[in-house]
Amino acid sequence: MHKQLSLLGITLAALLFVSACNSNSENTQGDEQAETKTFQSVSGDVEIPAKSERIVTDIYAGEFLSVGANVVGAGSWIFGNPTLKEQLSEVTDIGDPVNVESVLELDPDLIVVMSDEHYEELSQIAPTIVIPYNTTTNIQDTVEMFGELAGAQEQAANFIQDFEEKAAQAKEEISGVIAKDATVGIYEITDTGSFWVFTDNGGRGGQALYNALDLDAPEIIQSEIIDTGEVKELSLEVVPDFAADYMFITDYNPDGTSDSLDTMESSAIWQDLDAVQNNRVFINDFDTFYPYDPISVSHQIDLFVKMIQERSEENGE
């Protein structure tokens, strides 16, 4: 009988413990001592730490670093981002695609990935959130979401304030340099010779130019690309239709052996563009301008302002 009462007491204690944990989870927003909280994801509601200490992610390292979170593992391609090089110095490369064993060894308390390819395996290691590409469409919403994920809302608010102040200052710096009615376009030339025009939320500097600096795209790019959210490959013959006064082009040439850019620049169609004749075409490094995490976008603002100012001086404007 005594043994049965002891077992009953243990069972009740366990039930009370579970109940307390559930209560903590449900009241996270009003209780700073709560250990977990519920995050609504595309995979359903997921219980995650109220403040994560060890985060593993495939592509969202910059997003988490922007709110001061501790990223212990990140996908391979992130390490090619020169803007994040120093901050990633002690972060482990978990491969691309994600190597589940590498993730396990890092003992994370939160995993955030873009793809659900290994969701079942990863969710056995730690709470796993899937954030699909383009879930957010601006830096403010991005930082807020990752601040919530990491339990770093104060750091997120600080980053947003600093970002908006930088954007306002940058707009002032170029206000007398670039005409109010001037248009800007974002493009990419690849090693296979394809030429693309991009949106305001597809990397390549779109968020910095269109959102932070509040510059305008040509009407056709606004209506067919930005408003639809779809990038478009252009044949050389139609490039003039999508040309802007200022053209910013990322050069995707990973092996350094492609002559696609030289071929395009030597064509008569290209040479006739107003942006070419007015020396307002900018060829930019892919690794620097492809990323669209908040830290990289903030850095891109500085780079765009500098190149616009320097080109204006070069042109004697």
Side-chain angles (χ1 to χ4, degrees), residues 14-75 78 84 87-88 90-160 293-295:
L15 289 172
L16 287 171
F17 175 77
V18 171
S19 176
C21 288
N22 287 339
S23 177
N24 265 347
S25 173
E26 293 172 359
N27 295 284
T28 297
Q29 294 181 348
D31 181 4
E32 294 182 356
Q33 303 303 314
E35 295 181 356
T36 65
K37 60 186 176 185
T38 301
F39 188 88
Q40 294 182 341
S41 75
V42 295
S43 303
D45 291 348
V46 180
E47 288 295 310
I48 65 174
K51 183 173 179 60
S52 294
E53 302 294 338
R54 296 180 61 81
I55 297 171
V56 167
T57 182
D58 52 0
I59 72 164
Y60 295 118
E63 284 79 356
F64 278 117
L65 291 171
S66 73
V67 299
N70 183 37
V71 178
V72 296
I78 293 294
L84 299 179
Q87 292 171 280
L88 294 172
E90 296 184 6
V91 176
T92 299
D93 185 340
I94 60 169
D96 182 19
V98 171
N99 184 302
V100 176
E101 291 185 2
S102 296
V103 175
L104 179 62
E105 292 174 358
L106 291 172
D107 190 28
D109 60 4
L110 178 65
I111 302 169
V112 180
V113 290
M114 183 177 70
S115 168
D116 61 0
E117 182 179 358
H118 297 292
Y119 178 79
E120 294 301 328
E121 296 168 281
L122 294 173
S123 61
Q124 297 301 311
I125 298 173
T128 300
I129 302 291
V130 177
I131 306 291
Y133 176 69
N134 267 4
T135 293
T136 55
T137 58
N138 60 62
I139 292 301
Q140 290 84 347
D141 290 347
T142 298
V143 173
E144 284 183 2
M145 182 173 69
F146 282 88
E148 174 65 24
L149 274 167
Q153 290 88 342
E154 182 177 350
Q155 293 91 330
N158 290 338
F159 185 96
I160 292 171
D293 65 87
I295 297 173

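Not measured: the values here are computed from a predicted model.
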Pairwise side-chain contact, Ile125 with Pro108, heavy-atom cut-off 4.5 Å (strictly under): yes
Exceeds 12 heavy-atom contacts within 6.0 angstrom, atom CD of Gln153: yes
Contact list for residues 99-129, test ring pair (Phe, Tyr, Trp, His ring centres under 6.0 Å), sequence neighbours left out: none
Side-chain (Asp45) to main-chain (Thr38) donor-acceptor, under 3.5 angstrom: no
Nearest-0.5 Å distance that lies between atom CZ in Phe159 and atom CD in Glu154: 15.5 Å
Between CG on residue Asp93 and CG on residue Leu88, distance to nearest 0.5 Å: 10.0 Å
Pro294 versus Val143, closest heavy-atom pair with distance: CG-CG2, 3.6 Å
pair Ile129-Leu110: side-chain heavy atoms closer than 4.5 Å: yes
Side chain Thr57, main chain Val112, donor-acceptor under 3.5 Å: yes
Nearest-0.5 Å distance that lies between atom CD in Glu105 and atom CD in Glu101: 7.0 Å
Backbone N/O of Ala50 and side chain of Ser52: donor-acceptor pair under 3.5 Å: no
Flag side-chain contact, heavy atom, 4.5 Å: Phe146 against Gln155: no
Could you tabulate the donor-acceptor pairs under 3.5 Å formed by side-chain atoms of residues 60-72, not counting sequence neighbours?
residue	atom	partner	partner atom	Å
Tyr60	OH	Ile131	O	2.5
Ser66	OG	Glu63	O	2.6
Asn70	ND2	Glu53	O	2.8

Ile111 to Leu122 - nearest heavy-atom pair and separation: CD1-O, 3.5 Å
Interatomic spacing from CD1 in Ile160 to OG1 in Thr142 - rounded to 0.5 Å: 9.0 Å
Separation of Asp96 CG from Asp58 CG (nearest 0.5 Å): 8.0 Å
Ring pair (Phe, Tyr, Trp, His ring centres under 6.0 Å) pairs, two or more places apart, involving residues 92-115: none
Where Pro97 and Glu117 come nearest, the two heavy atoms and their spacing: CB-OE1, 4.2 Å
Contact check, side chains of Leu149 and Ile55, non-hydrogen atoms, under 4.5 Å: no
Separation between CD1 of Ile94 and CD1 of Ile78, rounded to the nearest 0.5 Å: 10.0 Å
Minimum heavy-atom distance Pro127-Val46, with the two atoms named: CB-CG1, 4.1 Å
4.5 Å side-chain heavy-atom contact, Ile59 and Tyr133: no
Stepwise side chain to side chain contact (heavy atoms under 4.5 Å, CB included) test for Leu84 and Asp293: CA-CA 10 Å; Leu84 299 179; Asp293 65 87; 4.0 Å; yes
